[in-house]
Amino acid sequence: MLHPSYHDLMSKVNSEVESGEAPVVNSRYSIVLATSKRARQLIDGVKPLTNSSCPKPLSIAIDELNQAKIHILSEDEAAEAERRKAEREAQRMEEQERKAAEAEEMIAVAEED
């Protein structure tokens with residue numbers, strides 16, 4: 001038997017949803033998908049958010065979900081998060097371009113002297 005059970009995890013995730021709203025998680029598949037994505041992040045080197053007794057990434061991901069250290073986003077929330085991420089990336093690129101232009105300008109001024 002899995003500890004915590006799928007039912008317990010689904011209840012934990014959906015406990016943050018206000019009454020009248022659609023639940024974030026409707027099936028076991030959603031739990032499996034979310035924990036597998038988090039486990040992949042852990043495998044890729046992201047630091048765990050909990051001190052788990054089991055070293056396996058999937059067990060750590062389940063533990064993080066059970067302790068509400070990670071959250072499953074609804075489709076709308078995920079789209080909004082992606083939009084904000086794209087905006088931050090665009091701002092970062094603009095800042096790099098501005099700094100590169102300033103550096104070129106400084107070099108051009110230095111060459112004129």
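- Residues L65 and R38 fail the side-chain proximity criterion, which asks for heavy atoms closer than 4.5 Å.
- Every pair tested for salt bridge (charged side-chain N to carboxylate O under 4.0 Å, His left out) that includes a residue from residues 44-58 fails, sequence neighbours excluded, so the list is empty.
- Atom CD of E80 sits about 10.5 Å away from atom CD of E82, to the nearest 0.5 Å.
- When each of V32, I62, I72 is checked for a side chain to side chain contact (heavy atoms under 4.5 Å, CB included) with L9, only I62 meets the rule.
- The two residues I43 and P57 have their closest heavy-atom pair at CG1-CG, 3.6 Å.
- Between P48 and I60, the shortest heavy-atom distance links the atoms CB-CG2, 3.8 Å.
- Here the straight-line distance linking atom NZ of K12 with atom CG of D8 works out to 9.0 Å at 0.5 Å rounding.
- The residue from E89, E94, E95 that alone fulfils the salt bridge (charged side-chain N to carboxylate O under 4.0 Å, His left out) condition with R92 is E89.
- Nearest heavy atoms, I70 versus L49: CG2-CD1, 3.7 Å.
- Counting heavy atoms from C-beta on, the side chains of L42 and E64 come closer than 4.5 Å.
- Put simply, the side chain of R98 reaches to within 4.5 Å of the side chain of E102, judged on heavy atoms.
- To the nearest 0.5 Å, atom CD of residue Q96 and atom CE of residue M93 are 5.5 Å apart.
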- Query: Given K37 and Q41, is the side chain to side chain contact (heavy atoms under 4.5 Å, CB included) satisfied, shown in steps?
  - Reply: CA-CA 6 Å; K37 284 182 180 182; Q41 291 174 348; 5.7 Å; no
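- The minimum heavy-atom distance between A61 and A39, with the atom names listed, is CB-N, 3.9 Å.
- Here D63 contributes atom CG and T50 contributes atom OG1; the two are 4.0 Å apart, rounded to the nearest 0.5 Å.
- Of all non-hydrogen atoms in L58 and S36, the two that sit nearest each other are CD1-N, 4.3 Å.
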